[in-house]
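These notes concern the structure reproduced below.
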Amino acid sequence: MKIQGTPWRTVWLNADGLVEVIDQRFLPHELKTATLPDVVTFERAIREMWIRGAPLIGVVAAYGLAVAMRHDASDAALLAAQRTLLATRPTAVNLKWGLARMVDDLLPRAPSEREQAAFALAAHMADEDVAINHQLGLHGLALIRELARQKPGQRINILTHCNAGWLATVDWGTATSAIYQAFNEGIDVHVWVDETRPRNQGAALTAWELGQHGVPHTLIVDNAGGHLMQHGQVDLCIVGTDRVTAQGDVCNKIGTYLKALAAFDNGVPFYVAMPSPTLDLTVQDGVTEIPIEDRDGAEISHMSGWHADGVVTTVRICPATTPTHTNPGFDVTPARLVTGLITERGLCAANAQAIGAMFGSNTV
Ligand code: MRU
């Protein structure tokens, strides 16, 4: 997608052969990039969320193994780098998937071949992510076209949560792919952007990237979605996902479940954009089986923002003595609340039978 008219991806090999990424910690205030020269830096970049979003984490981790092979192409180094990167974030299954795909390809090869093969496969996975997201967006576009047909001359209002945009992938985004494609073909779309406390990925990232592309959008507090749905102001919800189980339960950014409940109660279609690498057929019950990342309580007790003079400040928003017990980064929306999965293979019902029929061979 474009930033001020110039096409960008979130990760690329620069002229020096180094892996470079958009450093998302500084958005929306500053567009900065970071180079990732070694596995230690990759580990920090994923753990500290310089890059984030399930599909992008998977691809960046793959590049992390390629960089590891550049320094030491032994079996021990490959497996150590896999262990290090796997430990960074527990919930998005794309991390496990990306690392396993690389290791499965590289281990049988002679060490002398591994660096070149690893960079080639990581680049292929990046391109594949772009193609998958474009393709699933076409299936989502069909849904938006149908809504536009039912509401001639009226705006289509879509609610999304967190950032499942191009910044969370290599390009296009998952939830946003259909939105960008609808906008590009002239459909009058407008996006309700959940702020997505505590880290505000909606306010900081989704709002920024939609604005860069010119897509009409409005920021709302996380608690407003149900009210908007009750008043007929949401035609469709599309969210991303960090892991979908074999029975169709959807793990995504904390707060997604509440949006799904509100959508269900108000008869608003609730779709989940799921690229196939985000499907984990080894897991059935999302609520009990998916590991949920527990993050620092300071994300709850503090907020950061930008002063007009360009200085970023962090402030406490509760009494200094108020404890923050736990800060789960994700929740699970049971399959019964999901209208459907938007995948690169087509729309898929969120149940074991439909998922098995469409993705039976995809295992992590
Ligand atoms: O903690 P984050 O910012 O990595 O969480 C991101 C999300 O939950 C996204 O909605 C999800 O990864 C889908 S991204 C296309």
Side-chain angles (χ1 to χ4, degrees), residues 1-3 6-13 19-22 51-66 92-102 104-105 117-145 160 163-185 206 209-210 212-213 215 238-244 252 271-281 340-348 355 357-364:
M1 304 303 293
K2 290 182 180 166
I3 302 175
T6 304
W8 282 70
R9 284 186 175 188
T10 50
V11 57
W12 63 94
L13 272 191
V19 178
E20 192 162 343
V21 296
I22 295 179
I51 64 98
R52 27 64 55 205
L56 182 58
I57 291 170
V59 171
V60 170
Y63 271 116
L65 291 192
V93 75
N94 306 59
L95 176 61
K96 184 175 161 195
W97 168 86
L99 292 168
R101 186 165 170 191
M102 292 288 286
D104 288 352
D105 181 87
F119 275 99
L121 180 54
H124 172 74
M125 287 164 68
D127 289 343
E128 188 181 69
D129 179 69
V130 178
I132 286 175
N133 298 333
H134 181 261
Q135 185 60 30
L136 71 78
L138 287 173
H139 296 297
L141 172 61
L143 291 172
I144 299 174
R145 278 191 189 134
T160 193
N163 173 258
W166 72 268
L167 291 168
T169 65
V170 179
D171 204 353
W172 284 108
T174 57
T176 56
S177 179
I179 295 169
Y180 286 126
Q181 296 189 54
F183 175 80
N184 288 350
E185 75 170 31
T206 305
E209 60 163 84
L210 290 174
Q212 288 293 328
H213 199 74
V215 179
I238 311 180
V239 299
T241 175
D242 292 82
R243 194 185 298 222
V244 174
N252 192 47
Y271 280 92
V272 175
M274 183 204 75
S276 57
T278 310
L279 178 61
D280 184 355
L281 292 175
L341 306 169
I342 304 171
T343 85
E344 74 270 22
R345 299 188 193 180
L347 296 184
C348 182
I355 291 172
M358 196 175 272
F359 294 100
S361 62
N362 177 336
T363 52
V364 178

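Across every non-hydrogen atom of I22 and R9, the tightest pair is CD1-O, 3.8 Å. Closest heavy-atom contact between A62 and G98: CB-O, 4.5 Å. Closest approach of A61 and L95 over heavy atoms only: CB-CD1, 3.4 Å. Residue L136 comes nearest to A273 through the heavy atom pair CD1-CB, 4.0 Å, listed as atom of the first residue, atom of the second, then distance. Here the shortest heavy-atom pairing between A92 and A54 reads CB-CB, 3.6 Å. For the residue pair M358 and C348, the shortest heavy atom distance occurs at SD-CB, 3.7 Å.
In this structure the side chain of T174 never reaches within 4.5 angstrom of the side chain of M274, judged on heavy atoms. For the pair F183/I144, no side-chain contact is recorded, criterion being any heavy-atom separation below 4.5 Å from C-beta on. Contact of the I132 side chain with the P277 side chain is registered, since non-hydrogen atoms from C-beta on lie closer than 4.5 Å. Counting heavy atoms from C-beta on, the side chains of E209 and M1 never come closer than 4.5 Å. Put simply, the side chain of V272 does not reach to within 4.5 Å of the side chain of N252, judged on heavy atoms. H139 places none of its side-chain heavy atoms less than 4.5 Å from the side chain of T343.
Remark: A118 pairs with A66, M69, M102, L106 by the side chain to side chain contact (heavy atoms under 4.5 Å, CB included) rule, at least two apart or across chains. Residues forming a salt bridge (Lys or Arg N to Asp or Glu O under 4.0 Å) with R243 (at least two apart in sequence, or on another chain): D280.
Of the possible polar contacts, one joining the T160 side chain to the I238 backbone as a donor-acceptor pair under 3.5 Å is found.
Atom CG of residue D171 and atom OG1 of residue T169 lie 6.0 Å apart, to the nearest 0.5 angstrom.
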- request: Show the numbers, then the answer: is there a salt bridge (Lys or Arg N to Asp or Glu O under 4.0 Å) between R52 and D242?
  value: CA-CA 11 Å; R52 27 64 55 205; D242 292 82; over 6 Å; no
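Below 30°, between 30° and 60°, or above 60°: for H213 and Y180 the angle between ring planes is above 60°, a perpendicular geometry.
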